[in-house]
Amino acid sequence: MKLFVDTGNIKDIETLAALGILDGVTTNPTLLAKEPGDYKENLKKICTIVKGPVSGEVVATDFDGMIRQGHDIAKIDEHMVVKVPLTRDGIRACKALSGEGIPVNVTLVFSAAQALLAAKAGATFVSPFVGRLDDVATNGMELIRDIVEIFDNYEFTTEVLVASCRHPIHIVEAARLGADICTCPPNVIDALFNHPLTSIGLERFLKDWDKAYGAKV
Ligand code: E4P
């Protein structure tokens, strides 16, 4: 399963990329608006660091505007993926941009029916938001199960990009269900590393080693 980070923060991306476990980046207008500097230059820098798929989202809501902005985003770098919302115009734009060979990530997906539309429109990625569903007392991971099953039935090539991941359990569950990718904020990726028994175990190994060999090394 691929791991994407959901942020526009260059420092955080550099830190995670250095670990060698980062496959891509997702951004959205809220995340990019938080960062200083020009958003296009920031996206370019992110592509240079991660050298994998980087999603940049259109903010136009009409078909023509989405196509225009989609072309602008795609021009930033060969790694750019154009993110469009799951609306009628968004699905139309997905079909058109995908037809030109531009990878598209269909976002703001909250039902299996919507994911099916994205796959039919040739999306490279579909982004179901699990955390925001959990927020409204609906099990987000059930949606992932449905989408994976449907895509397998028809051998759609659209990758299931589990978005709005809030904690490590989302990631583990997504992997168990066979989702292709999880995108999560840097703090959630950090949390994947942590286990108290690892810290305690390492401390004990080092202490024992130091007792026996510390003075000799
Ligand atoms: C996905 O691409 C979105 O940027 C993101 O995962 C939304 O997450 P949130 O619900 O935590 O804002």
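When a ligand or atom number is given, it counts from 1 through the structure's own listing order.
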Taking only residues two or more places apart in sequence, or in another chain, which ones meet Thr27 in a side-chain hydrogen bond (donor to acceptor under 3.5 Å, both in side chains)?
none
Considering distance alone, does some N or O of Ser164 sit under 3.5 Å from an N or O of ligand 1?
yes
Closer than 3.5 angstrom, by distance alone: can the side chain of Glu57 be matched with the main-chain N or O of Asn28 as a donor-acceptor pair?
no
In terms of residue, atom name and distance, what is the protein heavy atom nearest to atom 4 (O) of ligand 1?
Asn28 ND2, 2.7 Å
For residues 46-56, which side-chain N or O atoms pair as donor and acceptor with protein atoms under 3.5 Å away, sequence neighbours left out?
from, atom 1, to, atom 2, distance (Å)
Thr48, OG1, Lys44, O, 2.9
Lys51, NZ, Thr48, O, 2.9
Ser55, OG, Asn105, ND2, 3.1

Okay, side chain of Glu203, backbone of Ile200: is any donor-acceptor separation there less than 3.5 Å?
no
Salt bridge between Lys11 and Glu14, side-chain N to carboxylate O under 4.0 Å?
no
How far is atom 11 (O) of ligand 1 from its nearest protein heavy atom, and which residue and atom name does that atom have?
Arg166 NE, 3.3 Å
For the residue pair His167 and His170, does the interplanar ring angle fall in the parallel (under 30°), tilted (30 to 60°) or perpendicular (over 60°) class?
parallel
With heavy-atom distances below 4.0 Å as the criterion, list the atoms of ligand 1 near Ala163.
1 (C), 6 (O)
Would you say ligand 1 has an N or O under 3.5 Å from any N or O of Asp6?
yes
Nearest non-hydrogen protein atom, atom 2 (O) of ligand 1
Lys83 NZ, 2.6 Å
Under 4.0 Å from a heavy atom of Arg132: which atoms of ligand 1 are those, numbered in the order shown and with their elements?
7 (C), 9 (P), 10 (O), 12 (O)
Thr183 N/O under 3.5 Å from ligand 1 N/O
no
